[in-house]
Every structure is written in structure tokens, then in C-alpha cells.
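Here is how names work: the chains are called A, B, and so on, in the same order as the sequence lines, proteins then strands, and each is numbered from 1. Treat the numbers as computed from the prediction; the structure is a model and nothing was measured.
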2 protein chains.
Amino acid sequence: MTTRQSKAEAEAEPAATLIWARPEPPARRAPQPQPQPLSRALIVGAALELADADGLEGVSIRRVAAVLEVGPMRLYGYVDTKDELLDLMADAVYAEITPPAPTADHPTQDWQAGLRLIAGLTRRAALRHEWFPELLGGRPHLGPHALAALEARLSVLNSAPGLAGRPAALRRAAAAFHAYLVGALRTELAQRQADRTEGRSEEQWRDAVSPYLRQVLEAGRHPLLAEVIGKAEHPTPGEEFEAGLEIVLNGIAAQVS
Amino acid sequence: MTTRQSKAEAEAEPAATLIWARPEPPARRAPQPQPQPLSRALIVGAALELADADGLEGVSIRRVAAVLEVGPMRLYGYVDTKDELLDLMADAVYAEITPPAPTADHPTQDWQAGLRLIAGLTRRAALRHEWFPELLGGRPHLGPHALAALEARLSVLNSAPGLAGRPAALRRAAAAFHAYLVGALRTELAQRQADRTEGRSEEQWRDAVSPYLRQVLEAGRHPLLAEVIGKAEHPTPGEEFEAGLEIVLNGIAAQVS
DNA sequence: GTGGCGGTCGATACAGTGTATCGAGCGATA
DNA sequence: TATCGCTCGATACACTGTATCGACCGCCAC
């Protein structure tokens, strides 16, 4: 996909390269039996369906088109590139993340509680759409919902006493928080997917990964790793995620005061 | 690659599925003009070369084989799958990251200084191999150098007074630190790559991204984002990385005491 | 020395990918 | 009614990862 340079690079269209700046083509002027109504929303809907079922690898232009009962090239009227389709998919997930308006029955909360809420929403979205973290640190997310989520992060942090009105510090705190989310979720979900495919849930893992690790650890060159794997109680991924989150929150708090 | 199920899944080889547990095939028993000597080291060397030049997308089995002047299928004697080749590449980068033995002229340092050193080494490696962060949060890294780097992280953290001998806390701190690295580097490098290709370094960015952002910001629905982008001084990526790192270090420190 | 065997190499093949090109067919306009 | 212009999708191209399998060649037994 990114292998070949996109049409956009070849012919210098005056502007409007970003999909967010390009209006959607009009609804079709209804030819005969209306070959099949189409829209960006329908396209990303089908793509989400495929991705949720088979992972990102299950999303191909041809397959999305097949779900919509449409010729593959039809999609290129709504999207310049498969990467743009992935951008749309990411933004659709961001739409699920934007926290409820801060004015509702949840009154404006403590900034730490606010960040915990955002982190929790993000993680739940990632669990619903396991492919989302794969996109998370990828090409910059500039879609409307991604920007809204970014604004929400900033807004929560802006309510911290030491950060209000200090844009540079605010930016740094938001970036660190987000970096943690990206890294933690990507790692957790990759692990989960590896567990599910590399071993049929357990069996092959016991047969391949586990003996290898045991052998490495018994060689004695990784004493701390052995201790951490062997002695420590194994927390659930959720607990681990929240523990790391507390570390980040504490770090921001230290910055604040 | 992951699209098709690998041979490993089809026929249940007794064990040894992990590449780290499979010995390298012997050096070839020298036929005639030695068609071309080969080894995993040579293969990942060629792959690194391609990836450094053209990014991960530039690495294909056929191209690696071409660099080595060898038939493509030859590589499958050393590697079961392209994903395994990527695992080897990631481990090769980890080899550049493992910090110098803590006993040398650098005496055992403060744990914070130790983590800063590891973070700096990791970031420098990522700048040398811009594709590395793309692999960073991916499938679990179990190669020898990855494990050594993990042990090094644990070792540094183990020298923090509050963490020594508390495997669970140690594990959490190491995980949070690593999650930050993954997220921050992935985001930074993705941004950098987008800047370089989406606009020819500047031009198209001014023509496409910048006007779009300006328009969004002027709509007034993202006041804090506008403030952060507009008013804040723009730090270098390196400064931003280090600022976030300090936040994480402070958070760990708060956990420790 | 010679015959056979076993293992290795790589040509070929297959199913799939993203996307450029372009002919056909249709709606709206003149 | 004739024409223009636009949209759709069939076809094509270059490329991907990898399974299959025939040919070849060095080694070993005789």
C-alpha cells in the first residue's frame, strides 16, 4: 500500500490531499436500479466488521468491496488509498473514546479521575477492536474524533492547578500520557493476539514458548527476569495497565506541584 | 504474511517452533563454487540494509534474497516465515541497545540515570533504524538481546531502594517504563516519517495539512489544542521525549518511596 | 571406480495484494 | 434527440509470501 507511491504524489493536485479536508462525493445521482448506495460511513462500517472479525490483515480493498457488494475500484471514489481507509477506521474508534460531555451528571472531576476515565475508555475500545492499537502510534491521527479526543485530554489536564495556562507543560503531560496509552495497549493486545494464534490458546505455547523460556531462565543469566516471572504474582492485564497508569499520573502530579 | 497460516500450524512439528530455539542450519557442506554462503547473520544484515534504506516496506523475501544473490526460497531454510525474519531484525537492534556492562568505568549509577541511559540508547537506535518502533510493540520479543535488554531494565530498577526484592513492583515499573518508550518512539518516528513523505519535507505539508489544521482550529471547537499548538514554544522531539521520560521517572520515584 | 541415495537449491506456481487504466454505459444538458 | 461528461467496474500490472517439486550434486557403499 505505502509501497507504491500514491496517485496524490504523481500529479500535484492543488490541495485537499488530507481526507479530512476532502468532502465526500455526493450521494450518487441514482442511475438505474441504484447499483448500490455507498458512503464513507458504509465503507468504514464494512471495514470495521472485517477487522473486528479477522484483524487488520482481514481488511483488503477487495474484501471490503465484496461485503458491500460493489466493485473494488468503486471504493477509490471515496478514499484515495488504503491507508486513508485505515485512517477513517481509527477515527471511528476515536469516536467511541471521546468521554461524555463533562457537564452531565458526572460533574467536572478531579483531573486524575478524568485521565483514568479516558484511559479506561481507550482500553475498552482497544479490547473491542483489537486492531486499534496497531494503528495507534502509526500515521498521525488528524480526524475529527481523534482531535476531539486530544482536546478532551488537554481539557482534563487543564483542570490540574499547576497546568492551567501553561501550554508547554500541558502539552508535555498530554504527550506522556498518550505515549503510555499507546505503548501499554499495543503491548497488551499484541501479547493477547500472540497467545491466541501462536498457540492454540495454550497447547502450543506450552510446547514451544514455555520450554524455551524455562531453558533460558535456567541458564542463570537473567536472574531478575526469572524472579519477576517466577516469584511475582501474575496480575491481570487490566491491573497491570492500571498500575502503569498510576505511575504516569503520579509523575504528572509531581510535575504539577 | 500472517494472512496465510504458516506451515508450522499445518503440520504439528514436535516442538522448536520458536526461532530462538531452533539451531541455525550447518554452514553448508560446500558444493561446487559454493553457490553463496549464507547464515542468519547475513540474512538479517541484508534485511537491515534494506529496511534502513527504504523502511520496513522495502523488506521483502525476494529483495533480501536478491541482495544476497540467492534464490528467494533459500531463505526459508534459515527462517520459517517473514515474521521470523522481522523478529531477528528486532533482536539485532536490541543488541545495539543493551547498555554497557555496569561494572566498567561507569560505576553503578543512580537508577534514574540508568533508565535515562537506556532510554537514550533506545531512542538513538530508533533514529538509526526508523522502522524499529514499528516492530516495538508488535509480537513479543523473546530473542536473546531483547531478553538481555529486559534484564538490564530490571537490573537498573532493582537498584532503586524501594524496588529491590519486590518482584511485583519491579515488574510494574519496568512495564510502565517500557510502555512509555514504545509509545513515545512510535509516535515520534511515525510523525517524522509522515513529515518526510506526505510533504516533500515541507511543501505539501504547508499545502495540505497546515491549512486543514488552521481551519479546524479557527472553528473554535478546540481552544486548548489551538493554545498548545499556537502559543507553546515548539520543543525539539528530543526535548519532548526527555520531558515525558522525566514524568515517568518521577512517577516511579513516587511509587518507590 | 561406479551406482545409488539423500539432501539442497531454486524455478515454477498459486492465491492474494494495492491500484492505474480505460472502455462501456448512463443521466443530464443543449 | 444528440452529445457531453461522469461514474462504474473489468482488466491488467507489478508485487507479495510461500508450497511444491524436479533436478542436481556430493557423499557413501560396494
Side-chain angles (χ1 to χ4, degrees), chain A residues 1-11 13 19 24-39 42-43 47 50-51 54-89, chain B residues 1-11 13 19 24-39 42-43 47 50-51 54-89:
Chain A
M1 55 187 91
T2 321
T3 306
R4 189 144 335 171
Q5 57 265 37
S6 68
K7 163 171 42 175
E9 191 184 349
E11 199 78 19
E13 292 268 338
I19 193 172
E24 188 157 13
R28 293 312 308 89
R29 43 135 210 268
Q32 277 302 49
Q34 184 99 356
Q36 200 60 239
L38 209 50
S39 68
L42 281 173
I43 292 175
L50 285 172
D54 304 329
L56 269 196
E57 313 255 16
V59 177
S60 83
I61 295 286
R62 283 166 165 84
R63 271 203 277 258
V64 172
V67 168
L68 297 167
E69 303 185 83
V70 144
M73 295 317 277
R74 183 92 182 276
L75 303 192
Y76 285 100
Y78 298 80
V79 139
D80 266 1
T81 261
K82 188 193 177 185
D83 282 347
E84 281 192 350
L85 172 56
L86 297 181
D87 289 346
L88 292 176
M89 293 169 66
Chain B
M1 57 187 93
T2 320
T3 306
R4 187 144 338 168
Q5 55 266 38
S6 68
K7 164 174 38 175
E9 191 183 351
E11 198 79 19
E13 292 268 337
I19 192 173
E24 187 157 16
R28 294 311 309 82
R29 43 138 212 267
Q32 275 301 49
Q34 184 99 358
Q36 200 62 238
L38 208 51
S39 68
L42 282 173
I43 293 175
L50 285 172
D54 305 330
L56 269 197
E57 313 256 16
V59 178
S60 82
I61 295 285
R62 284 164 164 83
R63 271 203 279 258
V64 172
V67 168
L68 297 167
E69 303 184 84
V70 144
M73 294 320 271
R74 184 91 182 276
L75 303 192
Y76 285 100
Y78 298 81
V79 140
D80 266 2
T81 261
K82 189 193 177 187
D83 282 346
E84 281 192 350
L85 172 56
L86 297 181
D87 288 347
L88 292 176
M89 293 170 64

Walk me through whether A/Leu38 and A/Leu75 qualify under side chain to side chain contact (heavy atoms under 4.5 Å, CB included).
CA-CA 9 Å; A/Leu38 209 50; A/Leu75 303 192; 4.2 Å; yes

Below the 4.0 Å mark, does D/dC15 have OP1 or OP2 next to a side-chain nitrogen or oxygen of B/Ser60?
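Negative; the distance criterion is not met.
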
Counting only side-chain N and O atoms of A/Arg63, is one of them less than 4.0 Å from OP1 or OP2 of C/dG16?
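So the side chain of A/Arg63 is outside the cut-off, no N or O lying under 4.0 Å from OP1 or OP2 of C/dG16.
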
Among [options], which nucleotide has an atom closest to any side-chain atom of [X]?
{"X": "B/Lys82", "options": "C/dG18, D/dG17, C/dT21", "answer": "D/dG17"}
{"X": "A/Arg74", "options": "C/dT17, D/dG9, C/dG10", "answer": "D/dG9"}
{"X": "A/Arg62", "options": "D/dT18, C/dT17, D/dT11", "answer": "C/dT17"}

Whole Å only: how far is the [atom1] atom of [X] from the [atom2] atom of [N]?
{"X": "B/Tyr76", "N": "C/dA11", "atom1": "OH", "atom2": "P", "answer": "15 Å"}
{"X": "B/Leu75", "N": "D/dA19", "atom1": "CG", "atom2": "C1'", "answer": "15 Å"}
{"X": "A/Met73", "N": "C/dG23", "atom1": "CE", "atom2": "P", "answer": "15 Å"}
{"X": "B/Tyr78", "N": "C/dC9", "atom1": "OH", "atom2": "P", "answer": "6 Å"}
{"X": "A/Leu85", "N": "C/dT19", "atom1": "CG", "atom2": "C1'", "answer": "14 Å"}
{"X": "B/Ile61", "N": "D/dC15", "atom1": "CD1", "atom2": "C1'", "answer": "14 Å"}

Using side-chain heavy atoms (C-beta onward) and a distance below 4.5 Å, is [X] in contact with [Y]?
{"X": "B/Leu86", "Y": "B/Leu56", "answer": "yes"}
{"X": "A/Val59", "Y": "A/Met89", "answer": "yes"}
{"X": "B/Leu88", "Y": "B/Ile43", "answer": "no"}

Net bend of the helix from C/dG1-D/dC30 to C/dA30-D/dT1, end axes of five pairs each, nearest 10 degrees:
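Helix axis angle between the two ends: 20°.
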
Closest non-hydrogen atom pair, B/Ile61 against B/Pro72:
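The pair with the smallest heavy-atom distance is CG2-O, 3.9 Å.
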
Of A/Ile19, A/Val64, A/Asp87, the residue whose pairing with A/Val79 passes side-chain contact (heavy atoms from CB on, under 4.5 Å):
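Option passing the side-chain contact (heavy atoms from CB on, under 4.5 Å) with A/Val79: A/Ile19.
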
Checking B/Arg63 side chain against B/Gly58 main chain: does a donor-acceptor pair fall under 3.5 Å?
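Answer holds: yes.
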
